[in-house]
Number of protein chains: 2
Amino acid sequence: MSNTQKIKVAVDAIVFGYESNQLFVLLIKQKYGKFKGQWVLPGGFVLNNEGLTNAVNRELKEEAGIEVNYLEQLYTFGDDTKRDPRGHTISVAYFALVNPENLNLIPDTDASDAKWFPIDEIEKLPFDHNKIIDKALERLKAKLHYQPIGFDLLNKEFPFSDLEQLYMCILEKKFDRRNFRKKILSLGFLNESNKIQKKGSGRPAKLFSFDRKNYKAMEKQRFHFEIKFVK
Amino acid sequence: MSNTQKIKVAVDAIVFGYESNQLFVLLIKQKYGKFKGQWVLPGGFVLNNEGLTNAVNRELKEEAGIEVNYLEQLYTFGDDTKRDPRGHTISVAYFALVNPENLNLIPDTDASDAKWFPIDEIEKLPFDHNKIIDKALERLKAKLHYQPIGFDLLNKEFPFSDLEQLYMCILEKKFDRRNFRKKILSLGFLNESNKIQKKGSGRPAKLFSFDRKNYKAMEKQRFHFEIKFVK
DNA sequence: CATTTATTGTGTAAACTTTACGCAATATAA
DNA sequence: TTATATTGCGTAAAGTTTACACAATAAATG
């Protein structure tokens with residue numbers, strides 16, 4: 001039985017980026033086959049003797065010349081055996097984040113075309129890729145509440161308002177700026193830099209950075225990140 | 001490339017059961033091959049043109065004659081290409097729960113042997129099955145806090161003390177009985193039956209049942225299940 | 001160059017939730 | 001009949017979240 005199994009294994013990546021109050025998803029232009037010329041999620045078939053995580057990282061490098069900041073497995077799509085018209089294929093989807101440094105640097109590798117699309121301007125995509133993006137977005141929204149994942153979408157040093165706006169933008173909610181700041185600061189994993197950022201008018205802002213080491217240590221001591229919201 | 005892909009796709013199930021203050025995992029005795037005679041997680045290769053969820057349910061029926069109460073995808077194991085000595089295989093692992101009605105009724109189907117093992121008496125298993133069980137247990141513990149999943153491990157009608165003990169047993173924590181009761185009841189999805197259960201000495205207990213319909217409705221209205229603990 | 005506008009930083013009181021703990025009610029066991 | 005086990009309910013203290021106001025510091029405007 002296992003000799004005759006003809007199921008193919010693919011990986012797909014949903015890479016999120018954030019800049020100027022907008023959430024983006026990375027898509028690439030299909031080069032061959034039935035969907036040639038259409039935008040799809042980066043991904044492809046896993047090679048023999050290649051681990052899944054390796055496969056995603058390889059595809060991201062090949063197709064978009066990108067190295068991500070955060071990567072985790074999202075879900076394996078394989079209930080619909082006709083999800084790929086080329087034949088029975090399951091796809092292990094990965095959820096990834098990049099910070100702004102990696103946002104604008106997508107070299108065109110081997111004639112591939114990669115582009116950032118605002119999340120709310122994504123049309124109907126081939127396969128079940130819209131469904132996959134929906135699931136990834138759901139995960140991103142959920143994780144903002146219980147993991148310090150927002151920092152992976154920001155610069156290393158950021159003013160507090162960046163974090164605040166990122167939360168409001170992605171969660172599509174409004175909440176009190178002052179309470180949010182107090183809450184996050186009270187958790188004790190932000191380092192206050194002595195630098196100061198001036199941008200446009202208004203009082204210049206202190207810059208903060210996420211102290212990942214400290215956070216990891218706190219996590220081991222039964223600390224739980226959690227943020228609830230108002231409005 | 002995709003023509004020569006030789007990766008096999010399997011599913012595995014981690015089925016949890018609970019009774020008399022003990023958490024159990026379902027294992028089956030391997031019938032053929034290198035690990036013949038050893039206990040492993042139920043599962044097997046996915047058939048051509050078979051969906052993943054179908055594959056798990058089929059294997060559970062074939063190998064243990066069981067239908068589960070709750071089923072969700074856990075994780076896809078495929079970073080280690082040598083996790084199965086028979087060749088490159090990825091396994092989509094599923095997390096399942098059964099209630100006590102299904103706990104003791106495992107018919108021996110086609111010469112297979114299935115058995116419930118207390119979670120703390122599981123020895124070294126073949127493949128990466130111990131790792132899979134660890135991940136499933138972690139998920140179970142986490143979900144008890146943010147999803148009403150405990151009810152799937154109990155009888156339809158149960159005294160409050162059952163729920164309370166299930167939480168303490170699985171989470172390996174102690175907390176205040178009275179506060180726990182108050183908290184759960186305040187969430188408003190338990191129906192109080194007018195039946196009463198007597199068991200041994202002590203005041204007889206009211207029986208409660210989980211109102212799944214009501215819970216689903218509340219969930220849609222932005223209600224979030226959540227339980228934090230003391231001690 | 002004084003005034004307006006934009007944005008940051010800090011504080012405090014009220015409402016709500018969680019935690020700690022006492023005791024009456026109702027059964028069986030001795 | 002008394003002791004023991006277990007259930008059911010209530011209340012005060014501690015902690016957390018929410019709502020809201022105003023001073024500080026810059027650029028933009030006339």
Side-chain angles (χ1 to χ4, degrees), chain A residues 20-21 144-146 154-155 157-169 171 173-209 218 221-231, chain B residues 20-21 144-146 154-155 157-169 171 173-209 218 221-231:
Chain A
S20 357
N21 249 321
L144 282 178
H145 293 276
Y146 64 84
L154 293 179
N155 286 309
E157 300 207 304
F158 54 86
F160 223 98
S161 53
D162 273 14
L163 187 66
E164 176 194 310
Q165 279 164 36
L166 180 144
Y167 268 78
M168 292 205 200
C169 167
L171 296 176
K173 271 185 191 174
K174 280 188 184 156
F175 47 83
D176 190 273
R177 176 179 70 85
R178 298 157 289 185
N179 291 335
F180 179 75
R181 181 186 182 114
K182 230 182 314 177
K183 176 66 187 175
I184 300 270
L185 285 178
S186 77
L187 300 177
F189 49 58
L190 282 199
N191 283 139
E192 193 175 322
S193 133
N194 36 20
K195 292 180 216 164
I196 270 178
Q197 195 185 66
K198 301 171 194 174
K199 53 162 184 179
S201 72
R203 178 172 174 172
K206 292 184 204 168
L207 293 180
F208 293 88
S209 62
M218 288 162 65
Q221 322 260 320
R222 300 196 185 177
F223 163 83
H224 281 285
F225 180 86
E226 177 156 29
I227 294 172
K228 296 183 186 173
F229 287 102
V230 214
K231 166 83 192 192
Chain B
S20 358
N21 248 321
L144 282 178
H145 292 275
Y146 65 83
L154 292 179
N155 285 310
E157 299 206 304
F158 54 87
F160 224 97
S161 52
D162 273 13
L163 187 66
E164 175 194 311
Q165 278 163 37
L166 179 143
Y167 268 78
M168 292 205 199
C169 167
L171 296 176
K173 271 185 192 173
K174 280 188 184 155
F175 48 82
D176 189 274
R177 176 179 70 85
R178 295 157 291 184
N179 291 335
F180 179 76
R181 180 187 181 112
K182 230 183 313 177
K183 176 67 188 174
I184 299 272
L185 284 179
S186 77
L187 299 177
F189 49 59
L190 283 198
N191 282 140
E192 194 174 321
S193 133
N194 36 18
K195 293 180 216 164
I196 272 179
Q197 194 185 65
K198 302 172 195 175
K199 53 163 183 179
S201 73
R203 179 172 173 173
K206 291 183 205 170
L207 293 180
F208 293 87
S209 62
M218 290 162 64
Q221 322 261 320
R222 299 198 186 177
F223 163 82
H224 280 283
F225 181 86
E226 177 156 30
I227 294 171
K228 296 184 186 173
F229 288 102
V230 215
K231 171 91 188 185

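All chains are named by letter (A, B, ...) in the order of the sequence lines, taking the proteins before the strands, and each is independently numbered beginning at 1.
- Atom pair His224(A):NE2 and dT16(D):P shows a separation of 15 Å (rounding to whole Å applied).
- Within the 4.5 Å cutoff, no side-chain heavy atoms of Phe229(A) are placed close to those of Asn179(A).
- Rounded to whole Å, the distance from NZ on Lys173(B) to P on dT18(C) is 15 Å.
- Look at NZ on Lys206(B): it is 15 Å from P on dA25(C), rounded to the nearest Å.
- Scanning both residues, Arg181(A) and Phe160(A), for their nearest heavy atoms gives CA-CE2, 3.5 Å.
- Atom CG of Asp176(B) and atom P of dT11(D) are 16 Å apart (whole Å).
- Counting to the nearest Å, the P atom of dC16(C) and the CG atom of Leu187(B) are 17 Å from each other.
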What pairs of nitrogen or oxygen atoms, one from the protein and one from nucleotides 27-30 of chain C, lie under 3.5 Å apart?
from, atom 1, to, atom 2, distance (Å)
dA27(C), N3, Gly202(B), N, 3.3

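- If Lys228(B) and Gln165(B) are placed on DNA chain D by their nearest nucleotide, the residue sitting closer to the 5' end is Gln165(B).
- Of the charged side-chain nitrogens involved, none lies within less than 4.0 Å of a carboxylate oxygen, so that Arg177(B) and Glu164(B) do not count as a salt-bridged pair.
- The phosphate of dT6(D) has neither OP1 nor OP2 within less than 4.0 Å of any side-chain N or O from Ser161(B).
- Base engagement by Arg178(A) is indicated by at least one non-hydrogen atom pair under 4.0 Å involving a base atom.
- Across all non-hydrogen atoms, the minimal contact from Lys228(B) to Glu226(A) is CE-OE1, 4.0 Å.
- When distances are taken from the side chain of Lys183(B) to each of dC9(D), dG9(C), dT18(C), the shortest belongs to dT18(C).
- Note: CZ (Arg177(A)) to P (dG11(C)) measures 14 Å, nearest angstrom.
- Across Met218(A) and Leu187(A), no two heavy atoms sit closer than the pair CE-O, 2.9 Å.
- In this structure, Ile227(A) and Tyr167(A) approach most closely via the heavy-atom pair CD1-OH, 4.0 Å.
- dG11(C) atom C1' lies 13 Å from atom CZ of Arg181(A), rounded to whole Å.
- For dT11(D), its base sits under 3.5 Å from the side chain of Lys182(B) at one donor and acceptor pair at least.
- Mapped onto DNA chain C by nearest heavy atom, Pro159(A) and Asn179(B) fall at different nucleotides, with Pro159(A) at the one closer to the 5' end.
- Atom CG of Asp162(A) and atom C1' of dT8(C) are 13 Å apart (whole Å).
- For the pair Tyr146(B) and Tyr146(A), the minimum side-chain heavy-atom distance is 4.5 Å or more.
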